[in-house]
Amino acid sequence: MDGKTSTVHMKQNGSIKKVNLFQKRPNQRDGEVKTVKMATATENDDEDDDAYLHRHSGRNELLSKSAMLLSVRKTLPVFQNRGEIMKYLNANQVTVLIGETGSGKSTQIPQFMYENLQRNSKGGSIAVTQPRRVAAINLATRVASEYGCNVGDEVGYSVRFDNTTSPKTRLKYLTDGMLLRELMMNKELKEYSVIIIDEAHERTMLTDLILGFLKSLIQGPRPDLKIVIMSATLQAETFSNFFGGCPILFVEGRKFPVTQYYLRAPTDDIVDSIIRCCVQINQGEQMGDILCFLPGQEEIDKAVMILNKVSHIIAKENSVPLMVAYPLYAALPPAKQAFVFNPVKGFKRKVIFSTNIAETSVTISGVKFVVDAGLRKVKVWRHQLGLATLLTVPISQASAMQRSGRAGRESSGKSFRLYSENDYAKLPMQTEPEIARSDVTSPVLMLKKYGVDNIVNWNWFENPGKDAVMMGLQELYQLAALDDFGKITPKGEQMSLLPVQPHLAGVLIKASEYACLSQVIDIVSCLSVENLLLNPQPEQRDEVNERRLASCNEGSKYGDLIMLKELFDIYFNELSKSTSVNSERQDWCKELCVSYRGFKNVVKIRNQLRMYCRRLFKAEELANTVGEQKHNGLDNTDKIGQSKEEIGNILKCFLTGFTKNTAIGMPDRSYRTVTTGEAVSVHPSSMLFLDKACPAIMYTEYVFTTKGYARNVSRIELSWLQEMVSPSGNVAKRKVVE
DNA sequence: AGGGTTTTTT
């Protein structure tokens, strides 16, 4: 039972070479990196939880820890097949490595490559990319102690707001986004001799873009660059084909068997089925927690409520464990999220109802059973319509396998799928890559900044399609980031350097001209934080809305953007900065149902944007110093006033970025979009939901769910529309030359 | 008159 075959397959030009090795599964699985910050529900939220304080250790301590960890590393499949693997990595410029969970690929391969560099006295650093910040931080921390150094010495990491590298650093873990920024700054990535792309199977937009850039690099200015593509699923051929049929290595992982169960007949009520399934597991199976996958917040909250009701009755009538249900989704306040990590004490069984956040981003220990409804929610961008649709769709087979795998992380487990085996077979093999269903305005701007002329025919790892690219170009042209010939303008250059979407970057640039930069930065920072305004429970909804309206005088008139600025002003200027257990700021956040952690992020983004803008607009100021000094308004850090003119100017800046997202008030009190005349409704979360009397509205997001909803809505005057869309302005319909 | 999956940017 504990003997296990570990296999490395090598595939090159169609011929497969197999190497079989036998390995005893160790009792402990601590060679693997676990989620580092496991907040507990009792933990106070008063520390800056994004500041990872790395303890500095002395040399002897480092070396003894490293020696101790070596024995653990030796048990990892990747370590045991080191010679065989490195033979291929050394002989090939590009290699695809498929390593299952627990193979140790993310921690060991980079170290092997580093030792190689040292052995051959070669220069250059190694970059290892990750889709998520926490992963980059955790891996670097782990690998530093395996290597025997402090984080930031030879091994470090670089993520937004947290760069822990030094001139000594040769092995650097970083987020995909960070490597892309580096590509924009340093086109040839000269400092690196090896680039390792991890989790490539997730096919995030940023990973896909990096793959395209890397191919251009090795075919052009960097024939010496070594590339390793690491992936967890068998999408290997796609990666290999893209890089000219490079070799593919398979390394088995260390995971425990998961028995698969299917529903005999399909169900039309997934919440009901999922509850029945949990009750059945609770009665028939050994102890162990249950992780359930549902598509969204609505189903999750409903399931939690029902199960908590039912479980008490069941536990009393039969001698079975008491089930305790917890919700898990990203919009849940951090304090409530923390509950899912706490072990339950006594004769109880924890049941977690989660979105796909638990599929990759969050790992919960103690899970022995997975129940999968087989659905997820996905945002699909319709470039012809300029709006996003939010759809509930069946997951892919790869995703179903990933969900099931969550039951076999610590011991053998069981997975229950609420669909038939026949239906499973009909699911698509892989999830559609993000870039195929996203707005590509931002990627197109990156490519223009990089100097790519022919975007449609660029070597996309996955081409989003001509229509999508053309819409992106059109959008950038309207934002004045591109000129009539499709060349990037100085304004476009500035926009590409700001860490916000192109539309918001355009707003910031306009704000520097309108001398209200500081005010607009505050609003843009709030817009950049996801889930800053939390959804109150239905019972508290009206109460919270009342309080928000009462706190935001101008926001209640002008809408959500101005409300965000007023909320920021209260948080930042009026409330005490003290961070005791129940600080003024925390109490206020709770009262208005806004995220305390979110606001701390707003402040970080604000600082970064202020710094960038100061640098970016300095050159312009100098060029304009003939006579009077030009003011961009960055020094005016006042609270927003009641001045109609000031508020008007702020909203006009947003109008230059979101001209397309405007709608006119109709006599029947509905709104119709300026571009297509479609009906659009103000989202119920908006301050203006009840206010039907706006002459026109502008919104930063247009999402179709049950109907077309405008989010982040502001009241605008019709005259502003004409003023901002002047003939010399940026909305003239012109064909972009490609 | 009524509601949104997830990730990320020197």
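Each chain gets a letter, A, B and so on, in the order its sequence line appears, and its residues count up from 1. If you're wondering where the values come from, they're calculated on a predicted model, not measured in any experiment.
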What's the closest nucleotide to the A/Phe689 side chain, out of B/dT10, B/dT5, B/dA1?
B/dA1

Got a sec? Which of residues 169-186 of chain A come in under 4.0 Å of DNA chain B, heavy atoms?
A/Thr175, A/Gly177, A/Met178, A/Arg181, A/Met185

Just to confirm, is there a sub-4.0 Å distance from OP1 or OP2 of B/dT6 to any side-chain nitrogen or oxygen of A/Tyr329?
no

Roughly how many Å is it from CE in A/Met446 to P in B/dT9, rounded to a whole number?
11 Å

How would you label the contact of A/Asp542 with the nucleic acid (heavy atoms, under 4.0 Å): base, sugar-phosphate, or nothing?
base

Taking 4.0 angstrom as the limit, do A/Glu462 and A/Arg203 come out as a salt bridge?
yes

Spacing of A/Leu209 atom CG relative to B/dT8 atom P, expressed in whole Å:
16 Å

Consider the side chain of A/Pro684, meaning its heavy atoms from C-beta on, and name the nucleotide among B/dG3, B/dT7, B/dA1 that approaches it most closely.
B/dG3

Testing B/dT7, B/dT5, B/dT9 for proximity to the side chain of A/Arg133, the answer is B/dT9

d(OH, A/Tyr157; C1', B/dT9) in whole Å
17 Å

Under 4.0 Å between a side-chain N/O of A/Lys707 and OP1 or OP2 of B/dG2, yes or no?
yes

From C-beta outward on A/Lys379, which listed nucleotide comes closest to its side chain: B/dT5, B/dT9, B/dT7?
B/dT5

Is the distance from OP1 or OP2 of B/dT6 to the nearest side-chain N or O of A/Ser361 less than 4.0 Å?
no

Rounded off to whole Å, could you give me the CG-to-P distance for the A/Leu497 and B/dT10 pair?
11 Å

Give the rounded distance in Å between these two atoms: CG of A/Leu533 and C1' of B/dG3.
13 Å

Got a donor-acceptor contact below 3.5 angstrom from the A/Arg170 side chain to the A/Gly124 backbone?
yes

Quick note, A/Pro499 side chain, CB onward, closest among B/dT9, B/dG3, B/dT7 is B/dT9

I need the CZ-P distance between A/Arg437 and B/dT5, as an integer number of Å.
14 Å

For the backbone of A/Lys379 and the side chain of A/Arg437, can you confirm whether one donor and one acceptor N or O come within less than 3.5 Å of each other?
yes

More 5' along DNA chain B: A/Leu498 or A/Ile357, using each one's nearest nucleotide?
A/Ile357

Between B/dA1 and A/Ser681, is there an OP1 or OP2 to side-chain N/O distance shorter than 4.0 Å?
no

Closest listed nucleotide, where the reference is the side chain of A/Val159 and the choices are B/dT5, B/dT9, B/dT7:
B/dT9

Side-chain atoms of A/Arg132 come closest, of B/dT9, B/dG3, B/dT7, to B/dT7

So, do A/Arg606 and A/Leu609 sit near enough that their side-chain heavy atoms are less than 4.5 Å apart?
no

Could you check how far CE of A/Met687 sits from P of B/dG3, rounded to whole Å?
19 Å

Pick base, sugar-phosphate or nothing for A/Asn163, based on heavy-atom distances below 4.0 Å to the nucleic acid.
nothing

Could you work out which one of B/dT9, B/dG3, B/dT7 sits closest to the side chain of A/Glu530?
B/dT7

Side-chain donor-acceptor pairs under 3.5 Å in residues 390-397 of chain A, sequence neighbours left out?
{"unit_1": "A/Ser396", "atom_1": "OG", "unit_2": "A/Ser399", "atom_2": "N", "d": "3.1"}
{"unit_1": "A/Ser396", "atom_1": "OG", "unit_2": "A/Thr431", "atom_2": "N", "d": "3.3"}
{"unit_1": "A/Ser396", "atom_1": "OG", "unit_2": "A/Thr431", "atom_2": "OG1", "d": "2.8"}
{"unit_1": "A/Gln397", "atom_1": "NE2", "unit_2": "A/Tyr424", "atom_2": "O", "d": "3.1"}
{"unit_1": "A/Gln397", "atom_1": "NE2", "unit_2": "A/Ala425", "atom_2": "O", "d": "3.3"}
{"unit_1": "A/Gln397", "atom_1": "NE2", "unit_2": "A/Leu427", "atom_2": "O", "d": "3.3"}

Aromatic contact, A/Phe213 with A/Trp458 (centres under 6.0 Å)
yes

Among B/dT10, B/dA1, B/dT5, the one nearest any side-chain atom of A/Gln297 is B/dT5

What does A/Glu701 touch in the nucleic acid at a heavy-atom separation under 4.0 angstrom: a base, only the sugar-phosphate, or nothing?
base

What I want to find out is whether A/Glu678 reaches A/Arg672 closely enough, with some N-O distance under 4.0 Å, to be called a salt bridge.
no

If you take the centroid of each ring, where Trp contributes its six-membered ring, are A/His54 and A/Tyr157 closer together than 6.0 Å?
yes

Expressed in angstrom and rounded to an integer, what is the separation of A/Glu191 atom CD from B/dT10 atom P?
14 Å

A/Asn356 has a side chain; which of B/dT7, B/dG2, B/dT5 sits nearest to it?
B/dT5

Is it the case that the side chain of A/Arg548 and the backbone of A/Cys593 share a donor-acceptor pair, with hydrogens and angles ignored and the cut-off at 3.5 Å?
yes

